[in-house]
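Notes follow once the structure below has been shown.
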There are 2 protein chains.
Amino acid sequence: MIKLEALRVFVTVAESGNIKDAADTVGRTASAVSMTLKQLEDEIGGPLFQTDRKNSLTALGNLMLDLGREQIRSFDKSIGIMRAFAHSRIGSLSIASVPSVATNVLPPILQRFLETRPQVEVELFDIDSAQVRRMVESGVADIGIAGESRAGGGVEFTPLFSDRFKLLCKDDHELCQLERPVEWSDLHGATLIRNGASDRIDAEAYKQLSARSLMTVYNVTSLVALVKAGLGLTILPSLTMHGAHDGVAVLELADAAASRQVGLVERRDVSPSPVAAAFRAFALKEIPALVASRLED
Amino acid sequence: MIKLEALRVFVTVAESGNIKDAADTVGRTASAVSMTLKQLEDEIGGPLFQTDRKNSLTALGNLMLDLGREQIRSFDKSIGIMRAFAHSRIGSLSIASVPSVATNVLPPILQRFLETRPQVEVELFDIDSAQVRRMVESGVADIGIAGESRAGGGVEFTPLFSDRFKLLCKDDHELCQLERPVEWSDLHGATLIRNGASDRIDAEAYKQLSARSLMTVYNVTSLVALVKAGLGLTILPSLTMHGAHDGVAVLELADAAASRQVGLVERRDVSPSPVAAAFRAFALKEIPALVASRLED
DNA sequence: CACCAACTTCAATTCTTCTGAAATTGATAA
DNA sequence: TTATCAATTTCAGAAGAATTGAAGTTGGTG
């Protein structure tokens, strides 16, 4: 059975024009090289060199030099591709994320992740939690970032960080006079504007407030505008409204349970590509740290 | 260093879906296959299968399966081409031959030579001895068949057969009455038609006859027509006029030295392609035998 | 929960390839 | 032509890699 290694030796000898130099190049003794050549000639069925001074090839030798070089080049390239892929230097990565994370967290994370991976292609979808789960489940996205979901389904949830809900109101609102975190009872009689995220709050007091609310707004920018215009107050995860807004105040909630768990959503039973696995590990390590520093401000 | 053999094992396992069957296929034990796979994963830098039941591949495994299959296919094909070439099953063969051999000898020889070599391409030039030598020397022809030449030059001559000169005359010529081989002296006063081949005869008596000749004809068909028309007689190698002609007689010459040596003409110091080498050996063995049987008739 | 089949691990063995010394070869110069 | 010298080949032993069979794990299934 002819081995690629034997072809490597042959090509080196053909290029050197003698066994001694070729032996040095491949790091073997001349006798080892000589024997390899002999075996190669036996197996291929004919002489490769014109004389035993290896400076001129037979027609068969020329053919083997051409074909051999091509095989070596192609083999090494394939191995290179496999290694690059294994080390997640190439490949594609499709991420589905809720908007708050996609906007406030992912940009610097992705930038650092891709710094050493010039050949990785990334797609980033910002959609709501339910859709994130659907995209991951269907395989359209390799990995998702969303709020925790109840039903298991085909996906698995790994927490990244928890994000407390805060109260958003006009800065001349009477609640701003309170020198302490806001209790649910403080909101008695207030006008609540519901939004997509706040439905996750389990507190009974909140549910009652919510039930009496007449308005639901999904777009954060519109929501802030409405609050600023004095139409009511709203409750949002702090990450969602990151960045100060003139004319509105952000107040702490006393209820520590009023928070959402944000985490990775992955398909169960399907092994991720090396890039996805690497991103998973990177995200798990870096996102909590980044969010912690962001929420300090 | 990753070996092609390891890729073969991997591809077999990926295709079998389990180690046991793959081990049977490649003729190894399951443990050998398992170790090869482990080594491959270490060297490539990632897992190839989702679990240790080898029935589903990781993304990396799929990549390796694709690239690996292609490498194996391509390598085996290259080796096949080299072997076919070495065994002269493919390649090209350019032969330059004097017309008598090209017409009377080469057709059946080539037919048999090519029977087991469907992919060999042959070119056959029929030209005179001097040109044969020139074509071989310049490398245009791989091998030549011609009469022996004096000067060595860049070519080498290997005898194949010797071809006696015979006398060709009208069948009612008075020489036909002789019950013995013709002596040079018998030709005293006869009209000789010279031809391209007969100049090779060294006998002094012939040279004198030749010097007095007024006509030289190179084309054998014309030559025979002239003899038949009674314009004179001529002397030709017997192979040249193989096949009977009505109205002309072929007479033996007493001078045993009146013969030409026909043989192979090859370039010195240049190794022949495998096809050429095979044809050389074949010709050396078959042509003398064929000619002997032809000249018996 | 126990069983079974598939897989992995380990140490011993076998097979391959390599090395270093000696012999051979072929070119070059005397 | 012969002497010389470096390259190559040959050979036997050494080193290294792959393989085996037995024992130990593991994961799925009834």
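Below, read A as the first sequence line, B as the second, and so on, with proteins coming before strands; counting in each chain starts at 1. Side chains are part of it too, since the values below use all heavy atoms of this structure and drop only hydrogens, waters and symmetry mates.
Looking at B:Thr51, its side chain has no donor and acceptor atom pair within 3.5 Å of the base of D:dG27.
Here the P atom of nucleotide D:dT8 and the CD atom of A:Glu41 are 13 Å apart, to the nearest Å. As a whole-Å value, the separation of B:Arg28 CZ from C:dC15 C1' is 10 Å. Atom-to-atom, CD1 of B:Ile19 to C1' of C:dC7 comes out at 6 Å; the value is rounded to the nearest Å. For the pair A:Ile2 CD1 and C:dT16 C1', the computed distance is 16 Å after rounding to whole Å. Here the P atom of nucleotide C:dT8 and the CG atom of B:Asp52 are 5 Å apart, to the nearest Å. Regarding B:Asp24, its CG atom lies at a distance of 15 Å from the P atom of D:dT19, rounded to whole Å. Atom CE in A:Met1 sits about 12 Å away from atom P in C:dT17, given to the nearest Å. Distance NZ (A:Lys38) to C1' (D:dA7): 17 Å, rounded to an integer number of Å.
Donor-acceptor pairing under 3.5 Å is lacking for the side chains of B:Arg260 and B:Ser162. In summary, the side chains of B:Gln71 and A:Ser78 do present a donor paired with an acceptor at a separation below 3.5 Å, with no hydrogens or angles considered.
Counting non-hydrogen atoms under 4.0 angstrom, B:Glu5 reaches nothing in the nucleic acid. Residue contacts for B:Arg53: at a heavy-atom cut-off of 4.0 Å it reaches a base atom on one of the strands shown.
In the set C:dT19, D:dT19, D:dT20, the nucleotide with an atom closest to the side chain of A:Ser31 is C:dT19. If you check D:dT9, C:dG20, C:dT9 against the side chain of A:Ser34, the one that comes closest is D:dT9.
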Evaluation steps, side-chain contact (heavy atoms from CB on, under 4.5 Å), between A:Ile95 and A:Leu110: CA-CA 10 Å; A:Ile95 305 171; A:Leu110 277 174; 3.8 Å; yes
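An OP1 or OP2 oxygen of C:dT17 is reached within less than 4.0 angstrom by a side-chain nitrogen or oxygen of A:Lys3. A close approach under 4.0 Å does occur between a side-chain nitrogen or oxygen of B:Gln39 and OP1 or OP2 of D:dA18. Remark: A:Lys54 is in phosphate contact with D:dT9, judged by side-chain N or O atoms under 4.0 Å from OP1 or OP2.
Taking for each of A:Gly27 and B:Ala32 the nucleotide of DNA chain C with the nearest heavy atom, the 5'-most of the two is the partner of B:Ala32. Two residues, A:Asn55 and A:Met35, neighbour DNA chain D, and the one matched to the more 5' nucleotide by heavy-atom proximity is A:Asn55.
The residues A:Arg134 and A:Glu137 are annotated as not salt-bridged, no charged nitrogen and carboxylate oxygen being separated by less than 4.0 angstrom.
Between B:Ser88 and B:Arg117 the shortest side-chain heavy-atom distance falls below 4.5 Å.
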